[in-house]
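Reminder, nothing fancy here: chain letters follow the sequence lines and each chain counts from 1. Excluded from the calculations below are hydrogen atoms, water molecules and symmetry mates; all remaining heavy atoms, backbone and side chain alike, are included.
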Amino acid sequence: MTAVPLGIPRRLVEFTLDGQNAGVPEGSTLLDACRAAGKDVPTLCEGDTLTPKNACRVCVVEVEGARTLAPACSRKAEPGMTVLTDTERTRHSRKVVLELLASSVDMSTTPKVAGWLKEYDAKPDRFGPDAARLNEEPKVDNDLYVRDYDKCILCYKCVDACGDQWQNTFAISVTGRGFDARIAVEHDGPLTDSACVYCGNCIEVCPTGALSFKSEFDMRAAGTWDEDKQTATTTVCAYCGVGCNLTLHVQDNDIVKVTSPHDNPVTHGNLCIKGRFGYQHVQNRD
Amino acid sequence: MDLHFGDSKPTDEERAAVDALLGPPESAWEGAGDRSDADLRWARGGRAARERRDELLPGLHALNDRVGWVSEGGLDYLCRRLMVPPAEGYGVATFYSMFAVRPRPATVVRVCTDLACGGGAELCGEVRARLGPAAGVAVEESPCLGLCERAPAALVVRAGVPARPAFEDELGGAGDQRQPRPPRQSGFSGRGGVGEKTYVTATLAPAAPDTLTQAALTPESAPAEPPAALAVPQAGQDGLVLLKRLGTVDPTSLDDYRAHGGYTALRTAFAIGPAAVIREVTDSGLVGRGGAAFPTGRKWQATASQPDHPHYLVCNADESEPGTFKDRVIMEGDPYALIEAMTIAGYATGAHLGYLYLRGEYPRALQRLEHAIAQARARGFLGDDVLGQGYAFDIEIRRGAGAYICGEETALFNSIEGYRGEPRSKPPFPVEKGLFGKPTAENNVETLVNVLPILTMGAPAYAAIGTEKSTGPKLFCVSGSVERPGIYELPFGATLRELLTLSGMPDNLRAVLLGGAAGGFVRPDELDIPLTFEGTREAGTTLGSGVVLALDDTVPLPRVLLRIAEFFRDESCGQCVPCRVGTVRQEEALHRIVERTGAEAAGDIALLREVGRTMRDASICGLGQTAWNAVESAIDRLGAYK
Ligand SMILES: Cc1cc2nc3c(=O)[nH]c(=O)nc-3n(C[C@H](O)[C@H](O)[C@H](O)COP(=O)(O)O)c2cc1C
Ligand code: SF4
Ligand code: SF4
Ligand code: SF4
Ligand code: FES
């Protein structure tokens, strides 16, 4: 059993996972080990192409001897560890964390969350009708993408994708602190005044739909967005010689958004403005 | 990195403030007005400038000190000079409560509304009303200012041209030689210019509406602060170890420090060598005084033995825990002791540079330490060849800017490095990857100062003080409803009763908050708890950093609890969900039950317990993990809301 592809041979770390012996290559996280063992641990701020910030804390597991729970997404497996992933204690924390999140932001477009809320018996309403919420208006300030921070769980993925982990544009950052912390561009201005180059890589990694294509945002507003009616076709971008893979999401014969396969070893899901947003010409039918 | 800068320009003042810190820009790439020939051929300011990112926080201070807030133009210019993306610069500027990114008046009055300064909110309102909107003064509520023994406390800061520190004359210009101040820009009138106001701070404690209003209008005429030793009711008594020089030594004189036994510990350290210093510290049983009680010798050993270099030493002087002021009193009253102790710690751990991270609300400590460091440097006690022993060590002061979380050790590293003061997840631990990713030993001020008696009296004699598991003397910050609030030094093992008796316990004592906002309450019938790490642990509470806040029965407990919840909600960095949202939900629930008891409160108390348990279990750092402690103890031990 291996959790990550073996490149250079790496030593196996052996430890106990939910009472079973587990072995993962050195450097693997507890989440890698859980996934390899077929265990379902919820995650939100973890992303397959990024180093997780371990800020959301829904993936917490119990490590014997530790005072606090550990984030499975970031904690590396160590030899001899005893790890429990599904105890009353971990379930309690996951439940309350989900409640805290769902009571403060709109998670209606976050995949999988509805299922977890049910599985952990989370009741976000129990903080009362006056519980503070983000209550932000969507920021629609350009034709390509919309920032609806009412849905933002502050997972830091977009900041990392725009910054030193992929794009190196550093157009967005976390500002303020505590409950008032938000994702913003410099001086909190519109996106059009910022360093953004509209590569859309932040949209690609956003787990909640807080960042979305304007096309998707408009269709949702009009009630015409329907994922069941969409097909996804992966093709090669024709703009330049790099040849990135594009996945075209088509509804009613119209491209409604463009993503990129994360397992592509060259691009890892990243594109540039042309590949991501330059699809109108394909649809010019006259 | 291809950075994008907007077209907002700094004012002359802002440019001068940044250039005074960083030197004039050398090319148009980093904001020079004129393009030079070289600019067309090479892009200066890339890597070299990026390596100066840690000057972002000092740069923000430079702007804020000069104009009172951080404007778009000023921030963009600073970011350009350091090649920091403006979005990140903005993210950092908005993290700290002492900076504003919207225009505000040059004078800001911060009035403490925290635990010991109960009536601060009323004082705030009164002063605001007296000043009126026309006065051009911003009056803000502030968390604990670390002046709890003289509550209520206030801090006045007026932005302006930097005043030259008096000690530069005294040292004959031999001050900070490593960072020579660049000549001022022509066209900028600088200090002494007609009508130009200088940067001034004034600390008022106790603050009254009259004096504070006056100080807000003319901070330069504010009455002088009482000497630091007045915060030490035991000053001058025999038998003190850590506080023995307080009140007897002149904190501005290196010679006087030496005349009072200063620098004998460093000589001992050089005589026995770094390994033996670590052995002495380990044998002394010293554990950290910053709250986590980690064995200091082990930390030093682990740092010293790391193969990666350089090693760093960091002194944590952030002291923002409400009710804590011991580090301030040491730094103001015996600053050379800290400098000597840092030199020893650096020597033992193999560091050649020590950072002293000082909370931004301590102007007098800053001034005293700057002076003491400059003097020590001028006299060979710091620098390339300390005491002619071939060991190079220097100290750089970094000012915090109002963020309790920056006292968390890894948040402190991020803050120094010019990032948002968010804690890093551990492991890796600082001894392996700390400041700038290098092995780092980080210690509290009080911890470091303990190293001096360890070396002068020897580990066995030191270890004989206190108890077996908590050795040495301990400083306690006593405030609230006592007759003589202040810093007390007692050997570990003295009881809470003994300490409170010394400081004048009220007859109508209702509760004692031990360990500050992150600590816990104990009842008047629990005063025989021995003040040791193991004793308080056994009693189900904590010593923390040594806060002892006494509350008599006139103090409304629900309001104190609300204030604690508000503090954590304000100070959460916002990184992780349990703390970012949990602290808000905790405060909401306490608001709901502030006037309620019994069955009416039961539902919310159950909710508080569930959220509290999750914050303790799942938060990234100690802030979220302890944010529920005090409230829980008030419910369980004091029967609050019964
Ligand atoms: C939220 C938070 C704030 C803290 N603030 C301080 C502080 O102001 N001063 C301090 O010395 N330690 C503070 N600490 C503890 C430090 O993280 C660290 O344990 C300490 O500086 C280590 O030094 P010591 O071993 O000498 O105690 C804080 C910890 C947390 C979690
Ligand atoms: S679109 Fe690209 S450049 Fe713009 S904010 Fe997102 S990641 Fe950054
Ligand atoms: S906008 Fe999306 S990716 Fe960015 S922090 Fe919020 S939820 Fe995460
Ligand atoms: S516990 Fe609070 S202060 Fe600590 S990392 Fe999490 S949000 Fe930040
Ligand atoms: S200075 Fe006000 S509570 Fe500490």
From A/Arg57 atom CZ to B/Gln575 atom CD, the distance as rounded to the nearest 0.5 Å: 8.5 Å
Taking every non-hydrogen atom, the tightest pair across A/Glu78 and B/Pro427: OE2-CG, 4.5 Å
Largest heavy-atom contact set with chain A, pairs under 4.5 Å, which of B/Ala87, B/Gly421, B/Gly6: B/Ala87
From NE2 (B/His4) to CZ (A/Phe170), nearest 0.5 Å: 15.5 Å
More than 12 heavy atoms of other groups within 6.0 Å of A/Glu88 CD: yes
Portion of A/Arg75 that has a non-hydrogen atom of chain B nearer than 4.5 angstrom: side chain
Closest-packed option against chain B by number of heavy-atom pairs under 4.5 Å, given A/Ser74, A/Ala181, A/Ser194: A/Ser194
Per-residue contact mode, B/Ile405 against chain A (heavy atom under 4.5 angstrom): neither
Contact winner vs chain A - B/Gly603, B/Gly574, B/Cys579, heavy-atom pairs under 4.5 Å: B/Gly574
Neighbour count >12 (heavy atoms, 6.0 Å) for atom CG, A/Asp193: yes
Rounded distance [0.5 Å steps], CG in A/Leu69 versus CG in B/Asp617: 4.0 Å
Interchain contact, B/Ser619 with chain A, by part (heavy-atom threshold 4.5 Å): backbone
Segment of B/Ala403 engaging chain A (4.5 angstrom heavy-atom cut-off): both
Residues, nucleotides or ligands: over 12 heavy atoms within 6.0 Å of B/Lys426 NZ: yes
Structural part of A/Leu154 lying under 4.5 Å from a heavy atom of chain B: both
Salt-bridge criterion met for B/Glu610 and A/Lys123 (N-O under 4.0 Å): no
Chain A contact via B/Val611 - which portion, at a heavy-atom distance below 4.5 Å: both
A/Ser173 to B/Gly91 - nearest heavy-atom pair and separation: OG-CA, 3.7 Å
For chain B, the option from A/Ala132, A/Ala184, A/Ala66, A/Cys56 that forms the most heavy-atom pairs under 4.5 Å: A/Ala132
Shortest non-hydrogen contact from A/Ala55 toward B/Ile620: CA-CD1, 4.3 Å
Residues, nucleotides or ligands: over 12 heavy atoms within 6.0 Å of B/Asp7 CG: no
Best-contacting candidate, B/Thr583, B/Asp570, B/Val101, against chain A by heavy atom pairs under 4.5 angstrom: B/Asp570
Part of A/Val174 within contact of chain B (heavy atom distance under 4.5 Å): both
Student check: side-chain heavy atoms of A/Ile153 and B/Val577 closer than 4.5 Å: no
Portion of A/Ala171 that has a non-hydrogen atom of chain B nearer than 4.5 angstrom: backbone
B/Tyr96 versus chain A, the contacting section by heavy-atom distance below 4.5 Å: backbone
Atom of B/Leu607, atom of A/Phe127 and distance for their closest heavy-atom approach: CD2-CD2, 3.8 Å
B/Pro578 to A/Val97 - nearest heavy-atom pair and separation: CG-CG2, 4.0 Å
Structural part of B/Asp604 lying under 4.5 Å from a heavy atom of chain A: neither
Derivation and outcome, side chain to side chain donor-acceptor pair (under 3.5 Å), residues B/Asp76 and A/His187: CA-CA 10 Å; B/Asp76 274 0; A/His187 317 303; 3.0 Å; yes
Nearest-0.5 Å distance that lies between atom CG in A/Asp188 and atom OG1 in B/Thr94: 8.5 Å
Region of A/Lys95 that comes under 4.5 Å of a non-hydrogen atom in chain B: side chain
Contact leader toward chain A among B/Arg616, B/Glu88, B/Gln625, B/Arg613, where contacts are heavy-atom pairs under 4.5 Å: B/Arg613
Residue among B/Arg424, B/Arg569, B/Met615, B/Glu571 with most heavy-atom pairs under 4.5 Å to chain A: B/Glu571
Straight-line distance of A/Thr175 OG1 to B/Arg420 CZ, nearest 0.5 Å: 6.5 Å
Which portion of A/Arg182 sits near chain B, non-hydrogen atoms under 4.5 angstrom: neither
Salt bridge B/Glu422-A/Arg177, side-chain N to carboxylate O under 4.0 Å: no
Polar side chain donor-acceptor pair, A/Asn54 to B/Ser425, under 3.5 angstrom: yes
Side chain, backbone, both or neither of B/Glu588 within contact of chain A (heavy atoms, under 4.5 Å): side chain
Which portion of B/Arg585 sits near chain A, non-hydrogen atoms under 4.5 angstrom: side chain
